[in-house]
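The figures here come from the full heavy-atom set of this structure, side chains too, leaving out hydrogens, waters and symmetry mates. A, B, ... follow the sequence lines: proteins, then strands. Residue 1 opens every chain.
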Amino acid sequence: MAREQNEKIASLEAFQEKIDRDEKIEPKDSMPEAYRKTLIRQIGQHAHSEVVGMLPEGNWITRAPTLRRKLSLLAKVQDEAGHGLYLYCAAETLGKSRMEMTQELLSGKAKYSSIFNYPTPTWADIGAIGWLVDGAAIMNQIPLCRCSYGPYARAMIRICKEESFHQRQGYEIMLTLSRGTKAQKEMAQRALNRWWWPSVMMFGPSDADSPNTENSVKWKIKRYTNDELRQKFVDAIVPQAEKIGLTVPDKDLKWDKKRNNGQGGYAYGEINWDEFWRVVRGDGPMNNERISAKQKAWNEGSWVRAAAHAHAIKKQTALQAAE
Amino acid sequence: MVSEEKESILWEVFIQPKNGLSHRHCGSIHAPDREMAIFSARNVYSRRGEGQSIWVVKSIDIVSSDPDEKEETFSSDDKIYRHPTFYDVPDDVGHM
């Protein structure tokens with residue numbers, strides 16, 4: 001028993017040394033079970049977020065105000081589908097099947113980013129999502145390109161390359177509205193008011209309440225803590241809002257020269273963590289709608305999958321008969 | 001509702017960016033047959049002109065070396081004479 005224990009400790013230490021040397025971990029390499037589990041959870045949630053993330057925006061494809069906007073939005077939503085697929089295949093390299101992941105999403109067991117449980121009542125919400133939600137996602141995702149797990153890092157590199165247009169198209173929508181009529185500018189401001197706090201919450205609980213962060217940083221899955229990324233996000237967005245004449249809905253927001261190790265940054269108000277946990281636990285404005293939409297799509301696609309499968313078997317049989 | 005369905009076949013996808021370069025692994029895809037695998041691989045991995053040729057290979061058909069035998073399989077530290085710097089050539093001979 002003691003020998004087994006010693007071997008386990010030795011292999012954990014060897015793994016940590018490998019990580020500390022900045023070596024990547026590949027699918028067939030040995031890895032601690034907790035590392036595998038953490039990654040499966042994180043990559044799975046990330047994949048589900050991309051997939052569910054298509055719904056709030058998909059809501060506006062048929063009602064986009066111009067053909068140009070419609071083309072961009074369609075391309076963006078198609079990208080999200082692709083990103084979901086890159087990530088599912090990264091999670092599969094860790095031994096979790098696609099079917100299992102699908103099952104967990106449809107049953108409501110799996111989590112995805114709570115941001116997608118908020119509604120998109122106006123066209124300006126599409127601008128706000130691209131600018132703020134994709135902006136926050138990019139902040140999160142850029143450090144993940146250097147994640148210690150090879151397949152995840154490679155998926156993130158592709159995703160980040162493709163995603164840079166998403167935030168620009170969103171900001172362009174907000175810019176156009178803010179230069180438009182009074183009603184259009186008000187619509188943009190109201191969308192910012194709706195999306196600001198949920199976007200700030202996208203980085204997850206504050207470091208003090210984030211039990212997974214320590215291991216994730218040690219294993220170089222995460223390179224920054226939730227609060228560090230949140231600060232970067234606020235610092236980036238505030239001047240962008242000012243530039244287009246919109247007001248960030250936080251009365252406590254002010255420049256604080258002590259932030260970021262004395263380089264200065266924005267101090268922001270108290271986050272409503274009750275709301276955060278309520279939405280995470282399933283009680284957000286759109287949780288049920290999102291899962292129902294995914295279930296409906298899965299069920300309605302069932303005959304297509306069955307037909308494709310039957311066709312594949314038929315062709316294979318014909319091929320074998322010919323041989 | 002989901003579990004009744006069979007898991008579809010997993011394919012590895014390789015893309016050749018242009019003539020003169022090799023096909024390079026870029027990810028995987030689920031599809032019931034090879035035509036759909038190529039079709040999906042194109043949609044998922046080449047939305048921005050990333051390539052001009054795609055290979056798909058069933059993942060189970062890939063034979064790989066054992067990562068635990070990396071040392072035995074790939075070690076060549078004891079064969080330094082296979083590298084050019086092993087050989088002494090006077091500096092004034094120039095580039096060789």
Side-chain angles (χ1 to χ4, degrees), chain A residues 11 25-31 74-76 78-79 81-93 96-107 109 150-151 154-155 157-159 161-162 165 294-295 298-299 301-316 319, chain B residues 1-17 22-51 54-75 77:
Chain A
S11 80
I25 308 300
E26 292 294 338
K28 292 188 172 168
D29 292 346
S30 61
M31 60 185 91
L74 205 52
K76 177 176 191 289
Q78 196 188 10
D79 273 351
H83 297 173
L85 293 174
Y86 305 161
L87 289 163
Y88 281 131
C89 87
E92 280 180 282
T93 63
K96 179 112 176 174
S97 80
R98 179 74 59 92
M99 207 50 103
E100 245 179 298
M101 283 186 279
T102 308
Q103 173 87 73
E104 286 178 4
L105 174 63
L106 297 181
S107 71
K109 186 186 166 208
R154 291 192 285 275
I157 290 169
R158 291 187 75 89
I159 291 175
K161 246 192 229 166
E162 298 182 351
F165 107 74
K294 287 316 297 173
Q295 288 168 345
W298 178 263
N299 293 335
S302 149
W303 72 270
V304 179
R305 293 189 299 276
H309 184 63
H311 181 68
I313 289 175
K314 194 173 104 184
K315 261 194 332 193
Q316 202 181 13
L319 208 69
Chain B
M1 108 199 103
V2 183
S3 48
E4 294 160 20
E5 279 189 41
K6 270 216 201 128
E7 185 90 22
S8 58
I9 299 167
L10 186 66
W11 307 75
E12 298 302 320
V13 180
F14 300 81
I15 290 192
Q16 182 187 35
S22 327
H23 284 73
R24 199 173 162 196
H25 182 248
C26 63
S28 61
I29 197 88
H30 278 270
D33 61 28
R34 47 196 191 176
E35 283 79 17
M36 286 202 67
I38 284 277
F39 179 76
S40 302
R42 183 248 163 272
N43 278 345
V44 174
Y45 291 104
S46 180
R47 288 191 299 280
R48 288 174 174 79
E50 288 87 340
I54 299 180
W55 289 348
V56 291
V57 183
K58 278 184 193 166
S59 306
I60 52 162
D61 286 343
I62 290 182
V63 184
S64 72
S65 59
D66 182 347
D68 289 335
E69 288 171 9
K70 237 179 245 175
E71 287 283 299
E72 299 89 310
T73 318
F74 299 106
S75 170
D77 290 350

Legend entry - Option that, when pairs with chain B are counted at under 4.5 Å, heavy atom only, ranks first among A/Pro151, A/Pro27, A/Ala306, A/Ser97: A/Ser97
Legend entry - Electrostatic pair B/Arg24:B/Glu50 at N-O distance under 4.0 angstrom: no
Inset, instruction - Count the heavy-atom pairs under 4.5 Å between each of A/Ser302, A/Ser30, A/Cys89, A/Ala155 and chain B, then report the option with the highest count. - result: A/Cys89
Inset, instruction - Rounded to the nearest 0.5 Å, what's the gap from OH on B/Tyr45 to NE2 on B/His25? Could you check? - result: 7.5 Å
Legend entry - A/Arg98 portion near chain B, given a 4.5 angstrom heavy-atom threshold: both
Inset, instruction - Below 4.5 Å from any heavy atom of chain A, which atoms of B/Leu10 appear? Answer side chain, backbone, both or neither. - result: side chain
Inset, instruction - Report the distance from atom CD of B/Glu12 to atom NZ of B/Lys58, rounding to the nearest 0.5 Å. - result: 13.5 Å
Legend entry - For chain B, the option from A/Asp79, A/Asp29, A/Thr93 that forms the most heavy-atom pairs under 4.5 Å: A/Asp79
Legend entry - Max heavy-atom pair count under 4.5 Å with chain A, selected residue of B/Met36, B/Glu35, B/Arg34: B/Glu35
Inset, instruction - Take atom CZ of A/Phe165 as the centre, draw a 6.0 Å sphere, and report whether it contains more than 12 heavy atoms from other residues, nucleotides or ligands. - result: yes
Legend entry - B/Trp55 side, atom CH2; B/Ser22 side, atom OG - distance, nearest 0.5 Å: 8.0 Å
Inset, instruction - Tell me, out of B/Asp33, B/Ile9, B/Ile29, who's got the most heavy-atom pairs with chain A below 4.5 Å. - result: B/Asp33
Legend entry - Gap separating the CE atom of A/Met99 from the CD atom of A/Glu92, nearest 0.5 angstrom: 10.5 Å
Inset, instruction - Identify which part of A/Glu162 has an atom lying under 4.5 Å from any heavy atom of chain B, answering side chain, backbone, both or neither. - result: both
